[in-house]
Amino acid sequence: MNHTHVIIMAGGIGSRFWPMSTTKHPKQFIDILGVGRTLIQQTFDRFKQICPASQIYVVTHVDYRDLVLEQLPELSPNQVLCEPSRRNTAPCVAYAAYKVREIDPEATLVVAPADHLILNQPEFEHIIDIACKQAQRTHALMTLGIKPSRPDTGYGYIQFTDSNDSIDPLVKKVKTFTEKPDLEIAKQFLESGDFYWNSGIFVWTLQSIIAAYEKFMPDLAELFANGKAKYNTPDESAFINSVYQVCTNLSIDYGIMEKAKNVNVVLADFGWSDLGTWGSLYTHVDKDQEQNGVIGDNVMIYDCKNNVVNLPNDKLAVIQGLTDYIVVESDNTLLICKKSEEQRIKQFVNDIKHNKGENYL
C-alpha cells in the first residue's frame, strides 16, 4: 500500500499579486502563467504522480471550498479541509495530520503550498522519494532546500551541515533557519555555500510530526487530538469551527521546525519558484528582445525594456517608454508600479482597504 498522503495548503489571499489576486479569488485559483491550468491545478497534477488522488487533501479557507471542488473535481468533499479563519500553518498542518491519522496511522505526509512553480517534475519526484525514505527510516522532520541562484531577500534560508545518519548525500542536517535577510547578508549566505532557500515544502511521518506537536505545541496538540471521534464524520466541521476560535496563530516554522533537533534538509534543484511576487513571475515568462514579459493577446509595446505586463486578452493596450515596470489589469483595476518597489503592493492594498473599501480587493 502507498502510505504517502499529500497536504496542499491553499488558504492564503496572495496580496502581493494584487490586483489579479483578490480576497474573493486568490492567486492559487488563477492561471497566472497563462498555461491553461491554475496554480492549484498544477500542484494537484504534480502530486498525482506521487500518490493516488484519493490521498491528496487541500486545506483552505471555508470561503474557497467551492472553488477547490470546482477546479479539482477528482477530490471528494472529505478531502477539502475548511478552516473557518486564518491561523497560519501550525494549526493548518495539525488539522490535516490528526484527520489523516484516523484514515492511515502509518502515513507519511508531504506538505506543500498550492501556488509554487516546479519545472523539473522527474527531479522533484526523486527528491520527494529521498525525503520520504529518510523520514520513514529515521523519523526526522524533513524540509526541502532549494539551491539559490541569486542573493534573494524575499526567501528564508536554511543553513546545513553534514548528517551522520543519511540515506543519500543530498540529505543534510539543519543547523539554523534564518528569516528573510537583507541584501548584504544574503550575499554572504550565497558565498558560504552552506545556505539554501527554504522552500516551505515538508515531509514527515505522521508519528514524528504528531510527536513534535505534543512536545513543542502541547496545547494545540491537545485541541486537535480531542477530535478523534469527529474527523471524517458529519461532526468534523462543527468541531473544527470550535477549535479555531481558541487555537494559536503561528507558523509551523516557528512552532516546531526551528525548535526541533531532528530536522533534515534535502538539497534540491528542480526549477522552483514560490511565485510570491510579480518580479518572481517575470523570471518565468517568455520575453521579447527587450526583455519584456507580456501576458495578453492585444498588448503593443514601443521603446520599453524589462517590464512585466499582464492584461486581459480582450483589452487593447499600447505601452510606450516604460523600463522596469509592472503593468497589470484585472477586474477593471489597474496597477502600474516600479518593479524595484513591488514590496509596496501590500501597502497599496492596505491603503485601498482604508480609503476605498474592500470592493477592489
Side-chain angles (χ1 to χ4, degrees), residues 12-22 25-35 38-40 42-43 113-120 145-157 178-187 189-190 195-201 269-296 299 301 303-312 317 319 321-330 333-352 361:
I13 57 174
S15 59
R16 290 181 295 173
F17 257 107
W18 183 86
M20 182 168 277
S21 180
T22 63
H25 204 92
K27 69 168 180 171
Q28 60 267 31
F29 302 108
I30 299 170
D31 178 14
I32 280 179
L33 293 161
V35 295
T38 66
L39 294 178
I40 194 171
Q42 291 182 63
T43 302
D115 51 6
H116 287 185
L117 173 68
I118 288 166
L119 297 174
N120 187 336
I146 307 297
K147 186 175 183 178
S149 57
R150 58 190 180 277
D152 200 301
T153 60
Y155 296 143
Y157 286 73
T178 304
E179 284 302 298
K180 300 168 184 176
D182 63 34
L183 187 58
E184 283 310 308
I185 292 176
K187 286 178 180 175
F189 285 176
L190 226 64
F195 283 85
Y196 270 44
W197 288 334
N198 186 354
S199 69
I201 301 171
D269 188 7
F270 42 63
W272 172 90
S273 170
D274 76 341
L275 287 183
T277 63
W278 288 109
S280 62
L281 174 69
Y282 173 76
T283 63
H284 294 287
V285 296
D286 292 336
K287 301 175 190 68
D288 63 19
Q289 288 182 323
E290 300 299 328
Q291 295 303 299
N292 298 296
V294 179
I295 297 174
V299 181
I301 299 268
D303 313 320
C304 290
K305 291 181 180 178
N306 305 324
N307 300 293
V308 55
V309 179
N310 193 315
L311 299 174
I319 303 174
L322 288 186
T323 299
D324 291 317
Y325 268 81
I326 299 163
V327 181
V328 183
E329 185 191 326
S330 182
T333 303
L334 177 66
L335 169 73
I336 302 172
C337 170
K338 289 181 179 178
K339 270 199 327 207
S340 62
E341 296 188 35
E342 69 172 340
Q343 73 278 2
R344 295 181 63 189
I345 292 176
K346 272 199 167 184
Q347 174 199 326
F348 302 157
V349 169
N350 288 335
D351 290 347
I352 292 163
L361 305 176

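FYI, side chains are in, hydrogens and waters are out, and symmetry mates aren't considered; it's all heavy atoms of this structure. The structure displayed is predicted, hence computed values, not measured ones.
Although no hydrogens or angles enter the test, the distance criterion places no donor-acceptor pair under 3.5 Å between the side chain of Gln42 and the main chain of Leu117. In this structure, Ser21 contributes its side chain and Gly14 its backbone to a donor-acceptor pair below 3.5 Å. Remark: side-chain polar atoms of Asn292 are paired, donor with acceptor, to backbone N or O of Asn307 under 3.5 angstrom. Under a 3.5 Å cut-off, the side chain of Asn310 and the backbone N or O of Val328 do not form any donor-acceptor pair. Side chain of Glu329 to backbone of Leu335: no donor-acceptor contact under 3.5 angstrom is found.
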>> Checking Lys305 against Leu322 for the side-chain contact (heavy atoms from CB on, under 4.5 Å) test, could you report, in this order, the C-alpha distance in whole Å, the side-chain angles of both residues, the deciding distance, and whether it holds?
In response: CA-CA 7 Å; Lys305 291 181 180 178; Leu322 288 186; over 6 Å; no

> Where do Ile336 and Ile326 land on the side-chain contact (heavy atoms from CB on, under 4.5 Å) test, with the steps shown first?
Replying inline: CA-CA 6 Å; Ile336 302 172; Ile326 299 163; over 6 Å; no

> Run the side-chain contact (heavy atoms from CB on, under 4.5 Å) check on Asp31 and Leu39 step by step: do they pass?
Replying inline: CA-CA 6 Å; Asp31 178 14; Leu39 294 178; over 6 Å; no

> Run the side-chain contact (heavy atoms from CB on, under 4.5 Å) check on Ile13 and Trp18 step by step: do they pass?
Replying inline: CA-CA 9 Å; Ile13 57 174; Trp18 183 86; over 6 Å; no

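In this structure, the side chains of Ile295 and Leu311 stay at 4.5 Å or more apart for every pair of heavy atoms. Between Pro151 and Phe189 there is no side-chain heavy-atom pair separated by less than 4.5 Å. Residues Thr323 and Cys304 form no side-chain contact, since every pair of their non-hydrogen atoms from C-beta on lies 4.5 Å or further apart. Between Tyr155 and Ser199 the shortest side-chain heavy-atom distance does not fall below 4.5 Å.
Cation-pi check for Lys339 over Tyr325 is not met; the charged atom does not lie both under 6.0 angstrom from the ring centroid and within 45 degrees of its normal. Figure legend: Lys287 and Tyr282 shown as a cation-pi pair, the cationic atom lying under 6.0 angstrom from the six-membered ring centre and within 45 degrees of its axis.
With sequence neighbours excluded, the residues satisfying salt bridge (Lys or Arg N to Asp or Glu O under 4.0 Å) with Glu341 are Arg344.
For the atom pair OG1 (Thr277) and CG (Asp152), the distance works out to 8.0 Å, reported to the nearest 0.5 Å. The CD1 atom of Ile352 sits 7.5 Å away from the OG1 atom of Thr333 when rounded to the nearest 0.5 Å. Going from atom CD of Gln347 over to atom OG of Ser15 covers 12.0 Å, rounded to the nearest 0.5 Å. For the atom pair CG (Asp351) and NZ (Lys346), the distance works out to 14.0 Å, reported to the nearest 0.5 Å. The CD1 atom of Ile32 sits 8.0 Å away from atom CG of Asp115, with the distance rounded to the nearest 0.5 Å. Considering OG1 of Thr38 and CD of Gln28, their distance stands at 9.0 Å, rounded to 0.5 Å.
The aromatic rings of Trp272 and Trp197 sit tilted, their planes meeting at an angle between 30° and 60°.
Within 6.0 Å of CG on Asp182 lie more than 12 heavy atoms contributed by other residues, nucleotides or ligands.
Ring centroids of Phe17 and Trp278 are separated by less than 6.0 Å, placing the two rings close together.
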